[in-house]
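Hydrogens, waters and symmetry mates are skipped; everything else that's a heavy atom, side chains included, is used.
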Amino acid sequence: MTNEPDALVVGAGLAGLVAAGELLDAGKRVTIVDQEPPASLGGQAWWSFGGLFLIDSPEQRRMGVHDSLALARQDWFGSAGFDRDEDHWPKRWAEAYLQFAAGEKRAWLHEKGVRFFPIVGWAERGSGAAGGHGNSVPRFHITWGTGPGVVDPFVKRVQAGVASGRARLLHRHRVDELIVEDGRVTGVRGAVLEPDTAARGAASNRDVAGEFELRAPAVIVASGGIGGNHDLVRAAWPERLGPPPEVMLSGVPAHVDGRMLGIAEAAGAHLINGDRMWHYTEGIQNWDPVWQRHGIRILPGPSSLWLDARGDRLPAPLFPGFDTLGTLEHLRRIGSDYSWFVLTQKIIEKEFALSGSEQNPDLTGKDLRLLASRVGPGAPGPIEAFKEKGADFVVADTLDELLVGMRRLSDVPLDTGLVTRHVQERDRELDNDFGKDLQLAAIRSARAYRGDKLIRVASPHRLQDPKAGPLIAVKLHILTRKSLGGIETDLDARVLGADGEPVPGLYAAGEASGFGGGGVHGYRALEGTFLGGCLFSGRTAGRAAARAV
């Protein structure tokens, strides 16, 4: 491939691969540059659970879920809370994405070989108001093959382009500058980094071996967000979420460093909504880490008793799996850098899942025999491994023994009397099949959904019931994950300047563009929407660039 390509794509994650695939399908030539070694092709998406947001899908209908575009729009906009002048394009992207998720998204993916687990998950159940935050119905479709299953069709498309001579994949090429000539972006400059055999996700060297310069009529920035750079996370941390935590785990590799956002801004891009972000409160230290401060998120069912660092119960409706940022804000406002789940073996067996392709070998490996073990006795293997080896787990036969273990892991004094009181009060509410405890009411409501009753939500029981034991406590850390703001773009993924006009030759997709428009989620996400945002914005950018060149 000796001629100048039609487009350059910065970033070999999901959005970049999708954009490149669209360019190739349009008969264009494309070069992808990425600072990481070949092992990390696919970026963050490879590590994901593979959850995708779909509206009124066959999987939903088979599970008895009645969804609609109108209901999904109500949930999306009730969660997003758009309230700024600069939300003009994010709102339009939200409308376009909802149409995509209710329309051709599933068929488009199905044609590429993507398949879904038949039971739809109910993530981010919300704040308790019909018009407020959260999913009114289950919409979290788990990809058969998890993150790698989402990424694989697009990797193969690009690799086919490489084989045909119409695509190039330049790893270890770090972009340091977007070339601007006569007001138009015409290429990229940067450093060629020394080769590195680092495994996927592991830190790679930054030793410079040389320089490069590439030119093309179109440049697409698909470089990701800032979750691996805790300094940038703290600098962008909004006052509304309380003070930033002193200690955080990383839910993404270190190369998710946000460098390209400043580089794009220097070339004329307008960055918006940088204070909107999505971090989790259910992070646990990975006992077998790949990157520094590697954390894994627990995807909890609704039954665990949730306590702050001191031992006080979190207020309703801050139940596990309901309101991610509401919980984060509450903990930061009271100065809690961590919190606790208190649960039973019965709950962990039914309700705990771990986010990430590597933590779900049955779904990732498409192993039906291993998958069948999820409905049998015992927790899945990765869960039991964390329970046995994880630094944040306490297992005990009695509440008194559990409290001793919790005190041992506490960084601030734990009020054991308060914990005991909350456990006993909750257990007394189990004397009847009704009561005033809103969490128990939510559990019973969840079990009215067939999918939750089958594999996701344990039947209500006393925490101190010996038949449900042993008792388990899990210390939960704040875990960085996603940037919800980014480069402002129009509906063709063209990068906009501060004057609202497109920057000629420049496009953006994926997390770098706030998953579309500079912040398609507004303040809060509905889950399953990050991979989908990469797919939709990458597709849009690739098609628009192909039309332009």
Side-chain angles (χ1 to χ4, degrees), residues 14-16 18-19 21-23 25-26 51-57 67-112 114 135 139 141 150 154 218 220-222 269-270 272-273 276 278 482-496 500-502 506-548:
L14 180 59
V18 173
E22 293 294 329
L23 284 154
D25 287 348
L52 289 170
F53 178 95
L54 296 171
I55 300 166
D56 192 28
S57 69
D67 199 6
S68 67
L69 179 58
L71 183 61
R73 182 183 290 113
Q74 173 178 300
D75 290 346
W76 191 290
F77 280 81
S79 301
F82 295 120
D83 61 359
R84 299 172 177 174
D85 292 341
E86 58 200 36
D87 284 329
H88 169 75
W89 288 110
K91 284 192 288 188
R92 295 191 63 183
W93 270 87
E95 288 284 2
Y97 179 71
L98 287 164
Q99 294 284 345
F100 177 61
E104 63 177 310
K105 179 180 179 181
R106 185 182 182 279
W108 178 67
L109 290 169
H110 197 272
E111 185 272 332
K112 295 181 183 300
V114 176
N135 286 295
R139 296 192 178 102
H141 295 69
V150 178
F154 304 100
I220 300 173
V221 175
H270 189 213
I272 61 174
N273 297 319
R276 293 177 179 170
W278 190 257
K482 297 296 181 187
S483 315
L484 298 188
I487 300 169
E488 186 177 22
T489 64
D490 66 10
L491 282 180
D492 285 326
R494 296 183 300 176
V495 170
L496 303 178
E501 294 298 316
L506 188 59
Y507 302 79
E511 192 173 352
S513 67
F515 303 95
V520 68
H521 297 95
Y523 288 95
R524 281 178 163 86
L526 289 175
E527 294 288 21
T529 55
F530 300 126
L531 292 178
C534 290
L535 292 167
F536 185 57
S537 62
R539 190 178 89 145
T540 299
R543 292 183 177 185
R547 290 193 301 269

Where do Asp67 and Arg139 land on the side-chain contact (heavy atoms from CB on, under 4.5 Å) test, with the steps shown first?
-> CA-CA 9 Å; Asp67 199 6; Arg139 296 192 178 102; 2.8 Å; yes

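- For Thr540, there are no side-chain hydrogen bond (donor to acceptor under 3.5 Å, both in side chains) partners two or more places apart in sequence or in a different chain.
- Residues that satisfy the side chain to side chain contact (heavy atoms under 4.5 Å, CB included) test with His88, not counting sequence neighbours, are Arg92.
- For the side chain to side chain contact (heavy atoms under 4.5 Å, CB included) test, residues two or more places apart in sequence or in another chain that qualify with Ala19 are Ile220.
- Residues Asp492 and Arg547 meet the side-chain proximity criterion, which asks for heavy atoms closer than 4.5 Å.
- Here Glu95 pairs with Arg73 under the side-chain hydrogen bond (donor to acceptor under 3.5 Å, both in side chains) rule; sequence neighbours left out.
- By the 4.5 Å heavy-atom criterion applied to side chains, Ile272 and Ile487 are not counted as neighbours.
- For Arg524, the salt bridge (charged side-chain N to carboxylate O under 4.0 Å, His left out) partners two or more places apart in sequence, or in a different chain, are Asp323.
- In terms of the side chain to side chain contact (heavy atoms under 4.5 Å, CB included) criterion, residue partners of Ala548 (sequence neighbours excluded) are, by chain and number, Tyr507.
- Remark: Asp85 engages no residue in a side-chain hydrogen bond (donor to acceptor under 3.5 Å, both in side chains) (not counting sequence neighbours).
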Side chain to side chain donor-acceptor pair (under 3.5 Å) between Asn273 and Tyr523, intermediate numbers included | CA-CA 9 Å; Asn273 297 319; Tyr523 288 95; over 6 Å; no

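- Here Ala80 pairs with Trp76, Phe82 under the side chain to side chain contact (heavy atoms under 4.5 Å, CB included) rule; sequence neighbours left out.
- Take Lys105 and apply the side-chain hydrogen bond (donor to acceptor under 3.5 Å, both in side chains) test, not counting sequence neighbours, and it matches Tyr97.
- Sorted by first and then second residue, the pairs that involve residues 536-545 and meet salt bridge (Lys or Arg N to Asp or Glu O under 4.0 Å), not counting sequence neighbours, are Glu22-Arg543, Glu104-Arg539.
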